[in-house]
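Input: a single structure, listed below in structure tokens.
Naming: A, B, ... by sequence-line order, numbering from 1 per chain.
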2 protein chains.
Amino acid sequence: MEPKNVEKVTGAIADKYRLAILMQLAKQETMTSSDVQEMTGLSQPCVSHHVKQLTDSGLVDTQKEGRNVFLRLNKQALQQLCDFLKGLG
Amino acid sequence: MEPKNVEKVTGAIADKYRLAILMQLAKQETMTSSDVQEMTGLSQPCVSHHVKQLTDSGLVDTQKEGRNVFLRLNKQALQQLCDFLKGLG
DNA sequence: TCGAATCATTTAAAAGTTTGAATGTATTTG
DNA sequence: CAAATACATTCAAACTTTTAAATGATTCGA
């Protein structure tokens with residue numbers, strides 16, 4: 001993984017709410033933006049913004065079905081970050 | 001590693017200059033703040049600020065010798081972050 | 001001891017992030 | 001079709017981070 005991408009991915013993780021989303025997706029496989037809204041208590045536009053950061057970073061994939069957007073962890077992206085960190089240590 | 005700490009550590013990584021410092025420490029074992037200043041071209045106070053973020057996060061240990069501060073990667077902290085990420089994926 | 005070197009802190013400006021209200025689009029339900 | 005639901009986008013305010021100038025402390029060398 002390129003440093004520029006590491007910067008982006010770690011930046012995506014480095015937020016209370018986004019980390020909570022990632023942790024929930026680790027337990028739960030998928031959730032919708034509405035689920036996130038309920039879980040966090042954030043406004044819908046704010047959730048939309050956080051979800052965008054997660055998808056832009058590659059950590060989360062989305063799949064639109066009807067009105068809903070389903071989020072899913074991208075385990076490969078996580079693995080790639082892990083590999084980069086191992087390369088450092 | 002606690003989520004709160006993950007947030008802090010990933011936040012410490014998520015910067016161009018701080019990531020460059022970490023990558024250099026992966027190659028070079030130790031460097032001083034002056035070395036960082038030279039490497040990055042940043043002002044001395046700015047370097048001091050970034051180094052503080054890295055040490056506060058636990059990713060970097062410092063050792064003062066005379067006028068110099070020697071930086072060193074904390075591999076255990078890196079490993080702990082890695083373990084957390086593995087737990088997600 | 002004097003001057004230079006290394007680093008920390010304070011302060012303030014510039015840049016970036018986070019947030020929600022308002023609004024818009026698309027989809028489902030009655 | 002009208003109303004409701006799910007989500008995106010635009011905008012502006014609040015907040016945080018990044019940056020360097022100014023200053024101060026400590027250490028080393030001549």
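For DNA chain D, the neighbouring residues in residues 15-49 of chain A, judged by any heavy atom under 4.0 Å, are T32(A), S33(A), S34(A), Q44(A), P45(A), S48(A). For the contact set between residues 50-63 of chain A and DNA chain C, defined by any heavy atom under 4.0 Å, the members are H50(A), Q53(A).
Mapping A14(A) and K64(B) onto DNA chain C by nearest heavy atom places K64(B) closer to the 5' end of the strand.
By the neighbour-count criterion of 12 heavy atoms within 6.0 Å, atom CD of Q79(B) is densely surrounded, having more than that number from other residues, nucleotides or ligands.
When atom types are taken as modelled, the side chain of R18(B) and the backbone of H50(B) share no donor-acceptor pair closer than 3.5 angstrom. With hydrogens and angles ignored, the 3.5 Å screen pairs a side-chain donor or acceptor of D35(B) with a backbone N or O of T32(B). With hydrogens and angles disregarded, no donor-acceptor distance shorter than 3.5 Å links the side chain of E2(A) to the backbone of K4(A).
Taking 4.5 Å as the limit, some side-chain heavy atom of L73(A) sits within range of a side-chain heavy atom of L22(A). Using a 4.5 Å cut-off on side-chain heavy atoms (C-beta onward), N74(A) and T55(A) make no contact. In this structure the side chain of F70(A) never reaches within 4.5 angstrom of the side chain of M31(A), judged on heavy atoms. Proximity of L42(A) to Y17(A): side-chain heavy atoms (C-beta onward) are separated by under 4.5 Å at one or more points. For the pair E38(B) and S34(B), the minimum side-chain heavy-atom distance is 4.5 Å or more.
Between chain A and DNA chain C, the heavy-atom contact criterion of under 4.0 Å yields a 5' to 3' nucleotide range of dT18(C) to dT28(C).
A salt bridge links R72(A) with E29(A): the distance from a Lys NZ or Arg NE/NH1/NH2 to an Asp or Glu carboxylate oxygen falls below 4.0 Å.
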